[in-house]
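Here's the structure we're looking at; comments come further down.
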Amino acid sequence: MNFSFRRLFSHFRNFLLRLLNKEFLIFLFFLAVSGVFWLIITLNESLEKEVSVPVEIVNVPDNIVLTSEFQDTIKVTLRDKGYVMAAYWFTDHIQPLKINFANYSKSDGHGVVSAAELQRLIRQQLYKSTDIRGIKPEKIDLYFNHGLHKKVPVMFRGKIEAAQNYFITQTKLVPDSVDVYATNDMLNSITFVTTEYTSREDVSTSERQPVQLLKKSGVKLVPPAVSLEIDADVLTESTFEVPVVAVNMPEGKVLRTFPSQVKVRFVVGSHLVDQVFPSDFRVEVDYHEIENASSDKCTLKLVAKPELVIRASLEIEQVDYLIEQL
């Protein structure tokens, strides 16, 4: 009895599995059929898609230098049936666009491949049913010369700020000058080039980073980028005793101050302390400012300090003085 029950249960389970497998296969079949119908309908509809077309300038003479910065790829928006668009997407039907330099170069060093001409060149590779809906960029400018160039300095454009308790000891562009290729009129007007705007904040270590040069239409820069070198140092505070010097004193008179030397406080990078000396500072008192004054104190001025230091200041700004007649 027990054996018959197990046998019956086994037959029932196998029947359900066969039924489920059959329904699942039917489901997959209809899913595949619906997918095929969807694909057929989709491919038969008109689609619009942007495709990238590489651009090459060919047949450029050896003595010609292209100075224009043009895009090496143009974007073309096409419209056609889905199955035609699929041929563009999944095959190499559209080849790189080769622009013959000789066909567009002019004697003034500037040639233009217009939107209409670009469309004509691209149309040669398309099926007749395909419609071109747009081209970006709309034209290609070709600037060139016969190797005319000059070297000009590079100027940094941007902002560099040190982190708290740090000091920017040096910023340098390497190289500090580049070769500029352009027409004669352009070269005469260019005296320097600048970097693209660059901002660096909280600098606490020495850094090196590439910086692109600001581009100008019809001008080629060699190299097109330079290296920005930033040296940072930890700030340290120091002081020097500096003598007070009287200026504009009339003959026969001597000005004496009490004290005769004052402390100058300043901040400098820790690696530059040994390069700063008391003689780099100058503290003055001007006789013209005190000759008619009623006060018994004179005002001191820090008139000179080395470029290496920052936040230089006098510990005291007024001292007692005495004018002696020789």
Side-chain angles (χ1 to χ4, degrees), residues 48-79 88 92-126 130-158 173 175-198 210-227:
E48 192 169 297
K49 184 69 175 178
E50 185 180 78
V51 297
S52 297
V53 181
V55 177
E56 298 178 9
I57 309 298
V58 298
N59 298 327
V60 180
D62 293 338
N63 64 334
I64 293 296
V65 177
L66 292 176
T67 61
S68 51
E69 294 287 344
F70 65 90
Q71 295 179 344
D72 57 2
T73 302
I74 61 175
K75 304 291 186 180
V76 183
T77 303
L78 305 177
R79 184 176 179 84
Y88 294 138
D92 296 330
H93 187 81
I94 300 180
Q95 297 295 312
L97 197 63
K98 297 183 182 297
I99 296 178
N100 192 332
F101 175 81
N103 294 341
Y104 305 99
S105 59
K106 304 296 181 182
S107 59
D108 62 354
H110 179 212
V112 178
V113 186
S114 64
E117 185 65 11
L118 287 173
Q119 184 167 329
R120 184 187 70 82
L121 294 172
I122 295 170
R123 170 66 64 188
Q124 297 174 359
Q125 301 191 53
L126 303 179
T130 303
D131 184 25
I132 299 177
R133 307 304 295 267
I135 297 177
K136 295 185 295 185
E138 294 183 349
K139 65 175 182 176
I140 295 178
D141 285 298
L142 297 176
Y143 289 93
F144 61 93
N145 69 14
H146 293 79
L148 191 64
H149 70 284
K150 72 176 182 179
K151 189 176 288 290
V152 298
V154 181
M155 308 293 289
F156 176 73
R157 179 172 172 265
L173 295 174
D176 59 1
S177 60
V178 296
D179 288 317
V180 179
Y181 291 81
T183 62
N184 189 54
D185 291 340
M186 284 185 173
L187 285 179
N188 290 334
S189 66
I190 298 174
T191 57
F192 65 91
V193 296
T194 65
T195 64
E196 293 184 351
Y197 188 86
T198 303
V211 179
Q212 294 293 321
L213 299 179
L214 192 64
K215 297 177 182 178
K216 184 178 180 181
S217 179
V219 176
K220 181 178 182 179
L221 303 176
V222 181
V226 296
S227 176

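Index from 1, following the sequence.
In terms of heavy-atom proximity, F101 sits nearest to I64 at CZ-CG2, 3.8 Å. Of all heavy-atom pairs spanning N59 and P61, the tightest one is O-CD, 3.4 Å. Among all heavy-atom pairs drawn from Q212 and A225, the shortest one is NE2-CB, 3.7 Å. Nearest approach of V178 to P223, heavy atoms of both residues: CG1-CD, 3.7 Å.
With respect to F156, the side-chain contact (heavy atoms from CB on, under 4.5 Å) criterion is satisfied by exactly one of T194, V226, L173: L173.
Environment of OH in Y197: crowded, with over 12 heavy atoms of neighbouring residues, nucleotides or ligands closer than 6.0 Å. Counting non-hydrogen atoms of other residues, nucleotides and ligands closer than 6.0 Å to CD of E138 gives a total of 12 or fewer.
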Verdict with supporting geometry, I140 and V112, side chain to side chain contact (heavy atoms under 4.5 Å, CB included): CA-CA 6 Å; I140 295 178; V112 178; over 6 Å; no

For side chain to side chain contact (heavy atoms under 4.5 Å, CB included), just list the numbers for D179 and L221, CA-CA rounded to whole Å, side-chain angles, deciding distance to a tenth of an Å, and then say yes or no. CA-CA 6 Å; D179 288 317; L221 303 176; over 6 Å; no

Assess whether side chain to side chain contact (heavy atoms under 4.5 Å, CB included) is satisfied between D72 and V55, documenting all intermediate values. CA-CA 5 Å; D72 57 2; V55 177; 5.5 Å; no

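Atom-to-atom distance recorded for T191:OG1 and M155:CE is 9.0 Å, nearest 0.5 angstrom. Separation of atoms NZ (K216) and CE (M186) is listed at 6.0 Å; rounding is to 0.5 Å. Atom CG of N145 and atom CG of L66 lie 9.5 Å apart (nearest 0.5 Å). Note that the CG atom of L118 and the CD1 atom of I99 stand 5.5 Å from one another [nearest 0.5 Å]. In this structure, CD1 in I122 is found 12.0 Å from OG1 in T130, a value given to the nearest 0.5 Å. Atom CD1 of residue I190 and atom NE2 of residue H149 lie 13.0 Å apart, to the nearest 0.5 angstrom.
The backbone N or O of R157 sits less than 3.5 Å from a side-chain atom of T195, completing a donor-acceptor pair. Checking side-chain atoms of T198 against main-chain N and O of E196 turns up a donor-acceptor pair under 3.5 Å. Side-chain atoms of T67 come within 3.5 Å of backbone N or O of G218 as a donor-acceptor pair. Judged purely by atom type and a 3.5 angstrom limit, K150 uses its side chain to pair as donor or acceptor with the backbone of L187. Side chain of R133 to main chain of K49: no donor-acceptor pair is present (N/O by atom type, distance under 3.5 Å, no hydrogens or angles).
Using a 4.5 Å heavy-atom cutoff, the side chains of L78 and I132 are in contact. Considering only heavy atoms from C-beta on, V76 stays 4.5 Å or farther from L97 through its side chain. Side-chain contact between V60 and V65 is absent, with no heavy-atom pair separated by less than 4.5 Å.
Ring planes of Y143 and H110: parallel class, angle under 30° (limits at 30 and 60°).
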